[in-house]
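Labels below follow one simple rule: chain letters A, B, ... track the order of the sequence lines, proteins then strands, and each chain is numbered from 1. Remember, it's a predicted structure, so these values are computed and weren't measured experimentally.
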Number of protein chains: 2
Amino acid sequence: MLETTRERPVMPAVPAVQGRSAGAAAGNGDAAGTGTSRRRAGRPSAALLDKAGITTAALELINRKGYDGLTMAGLAKELDVAPSALYNHVASKRDVLLLVEDHLTSLVDVSDFSAAPWEDAVRSWAWSYRNVFAEHTPLIPVIAVLPVTDAPQTLAMYETVSKGFLDAGFPQERIVSSIVALESFIFGSAYDVTAPEDIFDSGSMAESTPHFTAAVRSASSGRALVRPADVAFELGLEALISGLGALRAAKKQ
Amino acid sequence: MLETTRERPVMPAVPAVQGRSAGAAAGNGDAAGTGTSRRRAGRPSAALLDKAGITTAALELINRKGYDGLTMAGLAKELDVAPSALYNHVASKRDVLLLVEDHLTSLVDVSDFSAAPWEDAVRSWAWSYRNVFAEHTPLIPVIAVLPVTDAPQTLAMYETVSKGFLDAGFPQERIVSSIVALESFIFGSAYDVTAPEDIFDSGSMAESTPHFTAAVRSASSGRALVRPADVAFELGLEALISGLGALRAAKKQ
DNA sequence: CTAATAAATGAATGGCATTCATTTAGTGCT
DNA sequence: AGCACTAAATGAATGCCATTCATTTATTAG
C-alpha cells in the first residue's frame, strides 16, 4: 500500500546513528544537560535510546566512576537525554543492573566445556566467572535473586555448564546443586578480591588473639607475588573440584 | 554568675533510665516524632543514646521492617530521638551496620572447636554462620571489606576458629586461606537461601536450554522436604571439608 | 568559676529514583 | 486520507534519605 512511503522525506543531515555502540553524544546538537541547545520536547524522528545503548552507556559510566557514579541522572547525561526518558525503556534502576549483569555473564569463558576434561573446564570457567564479577560486586546481590528467565545470556551459560557436567558423567539430579555450590563460592570469592590488603590486621587487639595473629603473619610471609585472595580461591576451588568430582560415574565414552 | 545552680531544680520524676536494653520509648514524656510533648533542645541529664542501644534498636527495626526499613530517621524514631542525635555516637549509617554485624557474629556457634573433631567443628560453625547471615545478606558487602580491627566479636571468632585449625594439625601458613575459602562459600551460600523458589525456571526459553531444564527438573523431583539451598550448601561444604582436611598433618596428640 | 566538651534539637542541604503532565512523531485501521 | 493509538522524548514536580550545621543545655576538667 501507499506509494511514496519509502522515500525518506528530508532527514536534516544526521545519518540517524542507531544502536549507539559506544562513546557518548552522537555528534549533533546535544540536549538535556551538557549545556547548549536543548532538544525540544516530543518524540524524536529516530529513537535516541534502546536497551543495548543503555547497557553500554551504563558499563562506560561504571568503568569511569564506579557503581556509586551509576545514577539514573548520570546515565541520562551520558546518553544525552533527560532522566525520565530512560523509563520508557527500563522500569527501574534494577532493570539497568540486570542488563549489565546479563552482558557481563556473556563474557564468562565457558569454552573449555566443549573440549577439555571436566576438571579443567570447571577450573577455567570458575576463574573467569570470579574475575569478571570481582570488578562488579555490587551486582552480586542482584544476580543471587535473579530469576534466570530475565537474563538470556545467563541462562545460556547455565545450559553450557549443565551439558558439561552431564557429559562428564554427573548424575542429573546433582548437577544443579553442584553448580549452585560452585557459584556460591565464586560470588563470595569475588567480594574477597575487593578486600583491602590489611583486612586481617588485628591492630591493638593482637595480644588477645595470638593464634589468629600468628596465622595471619605466616600466611603473608611468602606473599606479594600472588594476591591472598587468589591463594584462597585456588585452595577452595581445587577442594570443590575434587570433592564434587567424586560424584561422577565413570562415563564420557 | 547565678547562685542556685547545683540545686537540681526539678527533675520531674523519671529515674534516668540508662543503657536502654530493649523495648522502645523509656516511659516518660516522648520526643521527636511520636507526636506529644517534644523534648526541649540541649543536652539531657542522662544520655539517651549509646552504641549498645543503637545496635539493639537497629536489630529490632531490621526484624520488623527489613533492611529497606532501616533508615537513620527510622532508627531515630525507634529511639525516640532526633535523627541528628545519632551522629554524636556513630559517624555514618555504615557504622550502624558495623555494630549490627559485630553483634550478629557473636551469635555464630564456635563451641565445637573446643570439643569435637575438626570436621564436626567446621560443619557446625559453617552451618551456623550461614544461617545467621542468610537473614542479613545486606551486611555481606559490608563484612567482606571490613577490617577486623573494627569488629571485636568478629576478631574473637577468627581467633577461636584459627586455634581449632591449628590444633587439628593445619600448617600455619594455610590456615587463613582455608578460613577465607570457607567464608567465601558461606557468604555466597547465604545469598542463595534468599533466592526465590522458581529462580531456575527457564520459562519460555526452555526449549533452547534442554540440558539445564532437565537438570532443574530432576533436581526438584524429591524436594519440598529440604530446601534446594540446603542441599547445595551441604554438598559444597562436605566437598570443602574433605578437600581442605587433606592439608592437615596427622597431629592432634 | 570558667572553659571545654558532650549530647541533644531543629532546620537546612543536596542527591537520589521515580512519576506525571505535556509535546511530538510514527503506526495501524477503516 | 484521516484518525485514534501508541511510542518516545522533555521538564517539572515529589518524597525520601543521609548528612551537616547552628544552637541550646548539661556535665566535666583545670
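Side-chain atoms of B:Asn88 and base atoms of C:dA8 include a donor and an acceptor less than 3.5 Å apart.
Summarising the geometry, the separation between CG on B:Leu86 and C1' on C:dA6 is reported as 15 Å, rounded to the nearest angstrom. If you take CG of A:Leu48 and P of D:dA8, they are 11 Å apart, rounded to a whole angstrom. The distance from atom NZ of A:Lys77 to atom C1' of C:dG15 is 13 Å, rounded to the nearest whole Å.
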remark   = Per-nt protein contacts along nucleotides 15-25 of chain D (heavy atom under 4.0 Å; B base, S backbone sugar-phosphate only, - none) come out as --SSBBB--BB
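Not one N or O on the side chain of A:Asp201 forms a donor-acceptor pair closer than 3.5 Å with the backbone of B:Pro147. Side chain of A:Ser220 to backbone of A:Val216: a donor-acceptor contact under 3.5 angstrom is found. When atom types are taken as modelled, the side chain of A:Arg130 and the backbone of A:Trp125 share no donor-acceptor pair closer than 3.5 angstrom.
When each of B:Val100, B:Leu146, B:Val132 is paired with B:Leu139, the side chain to side chain contact (heavy atoms under 4.5 Å, CB included) condition holds for B:Val100 and for no other.
Put simply, A:His89 has no side-chain N or O that comes within less than 4.0 Å of OP1 or OP2 on D:dA7. Checking the phosphate oxygens (OP1, OP2) of C:dT9, a side-chain nitrogen or oxygen of B:Arg39 falls inside 4.0 Å. Taking 4.0 angstrom as the limit, A:Ser45 places none of its side-chain polar atoms (N or O) nearer than this to OP1 or OP2 of C:dT24.
Note on ring orientation: taking the six-membered ring where Trp is involved, the planes of A:Phe200 and A:Phe212 are perpendicular (angle over 60°, cut-offs 30° and 60°).
Among residues two or more places apart in sequence or in another chain, the salt bridge (Lys or Arg N to Asp or Glu O under 4.0 Å) test is passed with A:Arg64 by A:Glu60, A:Glu78.
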